[in-house]
Amino acid sequence: MRILVLGGTAFVGRAIVAEALDGGAEVTLFGRGKTGAELFPEASRLVGDRDTGDYTALRGGSWDAVVDVSGYLPRQVGQAMDALGDRVGRYVFISSTAVYQEEGVGPGADEDTPRRPPVRTVEQVEDLDNATYGPSKVACEDDVLARYGERATIVRPGQLVGPHDHSDLFTYWVRRAARGGRVALPGDPEQPVQVLDVRDLAGLVRRLVEDERPGVFNAVGPAEPTTLGGLVRSCARAAGTEVDLVRIPAELAPRFPLVRAAWATQQRDAARARAAGLPATPLSQTAADVLAWDRDRGEPPLTCGFSPEQEAAVLADPRPGGARI
Ligand SMILES: NC(=O)c1ccc[n+]([C@@H]2O[C@H](COP(=O)([O-])OP(=O)(O)OC[C@H]3O[C@@H](n4cnc5c(N)ncnc54)[C@H](OP(=O)(O)O)[C@@H]3O)[C@@H](O)[C@H]2O)c1
């Protein structure tokens with residue numbers, strides 16, 4: 001099987017490429033050559049730039065499937081489809097659960113949940129924000145489905161986690177739980193939380209390509225539903241520590257890793273993806289692997305959550321405004 005991956009050298013695409021190579025696929029990577037240039041020496045490399053619209057390197061060759069991991073704007077996806085035409089058997093577009101409307105959506109929402117209106121006006125990826133990221137993906141999805149029909153496959157991941165994740169959202173909890181003791185939680189420990197091991201996403205993509213399966217698939221996890229408190233305890237179990245969760249006022253940290261106001265966004269249904277072969281890595285395994293990866297890279301400063309000093313101050317005086325953080 002010959003697979004072209006647009007992207008493939010940072011986190012999500014990297015896992016997809018590793019899984020495809022593991023399955024014996026012949027993989028071609030398309031990117032600028034800036035990220036992960038040392039990765040995957042066994043894959044062929046094509047150099048181009050989706051910002052400037054340089055797809056010249058895609059003028060030759062044919063593939064059983066293209067997996068578009070680096071497409072955010074309809075312009076980018078349209079140009080890639082123009083360049084590839086019918087020289088790809090299937091177009092797999094990595095979208096996001098951010099395409100869905102949040103209003104009026106309850107637990108167990110599936111792929112038929114109404115999407116947000118498409119946005120086509122954003123020109124540069126850097127200009128995307130919370131208001132336009134999902135709607136721009138909506139426009140991309142529509143264009144891929146219109147062009148490839150039964151040869152289109154749309155994958156909508158929720159929060160992805162695992163080794164090489166530089167968002168720090170899950171790594172924060174893995175690292176914090178590994179220290180054990182009293183853990184400040186500026187949210188409700190009963191809040192449902194969905195995180196999917198990026199390697200499970202990669203396994204799903206491999207199966208969808210191999211089975212030539214069309215359609216739209218939510219890619220959320222873990223298979224065993226969990227809560228924020230359950231997630232932190234799973235991380236502690238993986239590290240062999242004990243934690244005591246201390247709920248503190250949410251006002252102390254309005255944006256905190258994996259704390260969400262809209263609980264239904266954390267209760268999406270992945271039955272269709274499971275039936276299509278979405279693997280089910282246990283959360284404790286993902287936590288153990290992230291812990292090992294984080295230690296191996298030397299535990300650099302994280303971009304979110306409390307520092308140990310901030311947390312100690314909050315735990316000493318948890319009233320809003322009581323601790324200076
Ligand atoms: N992380 C999550 O929780 C999550 C959730 C839902 C959906 N997603 C989706 O996952 C995808 C992002 O994953 P990722 O960044 O980790 O994927 P990735 O494919 O591992 O990394 C991004 C790739 O895009 C290439 N790239 C960046 N800018 C480019 C450009 N201008 N032209 C050509 N290639 C370019 C990079 O290589 P060069 O720098 O060498 O060009 C790199 O290979 C997105 O589609 C996102 O919407 C992620």
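Sequence positions, counted from 1, serve as the residue numbers for this chain. Only a predicted model underlies this, so the values are computations on that prediction, with no experimental measurement involved. Just so you know, ligand 1 is whichever comes first in the structure, and atom 1 is the first atom listed for that ligand.
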Check for a donor-acceptor pair, side chain of Thr113 on one end and backbone N or O of Asp110 on the other, with a separation under 3.5 Å.
-> yes

Measure from atom 48 (C) of ligand 1 to every heavy atom in Val12, Thr52, Val17 and give the option owning the shortest one.
-> Val12

Electrostatic pair Arg50-Asp68, nearest N-O below 4.0 angstrom | yes

Does the side chain to side chain contact (heavy atoms under 4.5 Å, CB included) test come out yes or no for Arg156 and Arg115, once each step is laid out?
-> CA-CA 12 Å; Arg156 296 179 182 151; Arg115 294 176 311 158; 3.4 Å; yes

Can a salt bridge be assigned to the pair Glu311 and Arg176 using a cut-off of 4.0 Å between side-chain N and carboxylate O?
-> yes

Who's the nearest protein heavy-atom neighbour of atom 25 (C) of ligand 1, and how far?
-> Gly7 CA, 4.0 Å

Arg206 with Glu19: basic N within carboxylate O range, under 4.0 Å | yes

Which one of Asp86, Asp142, Asp82 satisfies the salt bridge (Lys or Arg N to Asp or Glu O under 4.0 Å) criterion with Arg147?
-> Asp82

Measure the distance from atom 33 (C) of ligand 1 to every protein heavy atom, then report the residue, atom name and distance (to 0.1 Å) of the closest one.
-> Arg50 CG, 3.4 Å

In terms of residue, atom name and distance, what is the protein heavy atom nearest to atom 31 (N) of ligand 1?
-> Asp49 OD1, 3.0 Å

Should the pair Arg297 and Trp293 be classed as cation-pi, given the thresholds of under 6.0 Å to the six-membered ring centre and 45° from the axis?
-> yes

With a 4.0 Å cut-off on heavy atoms, does Ala37 reach ligand 1?
-> no

Between Phe11, Phe93, Tyr133, which one has a non-hydrogen atom sitting closest to atom 8 (N) of ligand 1?
-> Tyr133

Starting from atom 19 (O) of ligand 1, find the nearest protein heavy-atom neighbour and note its residue, name and distance.
-> Gly8 N, 2.6 Å

Provide the number and element of each atom of ligand 1 under 4.0 Å from a heavy atom of Arg14.
-> 20 (O)

Is the shortest distance from a Lys or Arg side-chain nitrogen in Lys137 or Glu141 to a carboxylate oxygen in the other one below 4.0 Å?
-> no

Atoms in ligand 1 flagged as close to Gly13, the criterion being non-hydrogen separation under 4.0 Å | 17 (O), 18 (P), 19 (O), 20 (O)

Tell me which part of Ser167 gets within contact of ligand 1: side chain, backbone, both or neither, using heavy atoms under 4.0 Å.
-> neither

Should Phe30 be counted as touching ligand 1, given the test is an N or O pair under 3.5 Å?
-> no

Side chains of Asp168 and Thr303: is there a donor and an acceptor less than 3.5 Å apart?
-> yes

Start with the C-alpha distance between Thr28 and Ile3, add both sets of side-chain angles, then the distance that settles side chain to side chain contact (heavy atoms under 4.5 Å, CB included), and finish with yes or no.
-> CA-CA 6 Å; Thr28 304; Ile3 300 177; over 6 Å; no

If you round to the nearest 0.5 Å, how far is CG of Asp289 from CG of Asp294?
-> 12.5 Å

Top protein contact for atom 43 (O) of ligand 1, by heavy-atom distance = Thr9 OG1, 2.5 Å

Looking at Gly158, which atoms of ligand 1 are within less than 4.0 Å of one of its heavy atoms?
-> 3 (O), 5 (C), 6 (C)

If you count the atoms of ligand 1 from 1 in the order shown, which ones are under 4.0 Å from a heavy atom of Ser70?
-> 24 (O)

Who's the nearest protein heavy-atom neighbour of atom 3 (O) of ligand 1, and how far?
-> Leu160 N, 2.9 Å

Determine, using the 4.5 Å side-chain heavy-atom cutoff (strictly less than), whether Ile16 and Leu208 are members of one ILVMFWY cluster.
-> yes

Just jot down the ligand 1 atoms closer than 4.0 angstrom to any heavy atom of Ala10, in number order.
-> 18 (P), 20 (O), 21 (O)

Nearest neighbour in protein (non-hydrogen) for atom 27 (C) of ligand 1 = Arg32 NH2, 3.4 Å

Counting heavy atoms only, which of Gln124, Gln159, Lys34, Lys137 is nearest atom 40 (O) of ligand 1?
-> Lys34

Under 3.5 Å side-chain donor-acceptor pair for Thr52 and Asp54 | no

Numbered atoms and elements of ligand 1 in range of Ser95, under 4.0 angstrom, heavy atoms | 7 (C)

Flag Gly33 as yes when one of its N or O atoms lies below 3.5 Å from any N or O atom of ligand 1, and as no otherwise.
-> yes

Contacts of Tyr91 meeting ring-ring contact (aromatic ring centres under 6.0 Å, His included) (sequence neighbours excluded), chain-then-number -> Tyr148

Could you tell me whether ligand 1 has any atom less than 4.0 Å away from a heavy atom of Arg156?
-> no

Who's the nearest protein heavy-atom neighbour of atom 39 (O) of ligand 1, and how far?
-> Thr35 OG1, 2.4 Å

Given that the side chain starts at C-beta and the backbone is N, CA, C, O, which of these parts of Pro157 lies under 4.0 Å from ligand 1, counting heavy atoms, or is it both or neither?
-> both

Heavy-atom contacts with Tyr72 under 4.0 Å: which atoms of ligand 1 show up? List them by number with element.
-> 11 (C), 12 (C), 44 (C), 46 (C), 47 (O)

In chain order, what residues pass the ring-ring contact (aromatic ring centres under 6.0 Å, His included) check against Phe256, with sequence neighbours excluded?
-> Tyr172, Trp173, Phe306

Which atoms from ligand 1 have a heavy atom of Gly31 less than 4.0 Å away?
-> 33 (C), 34 (N), 41 (O)

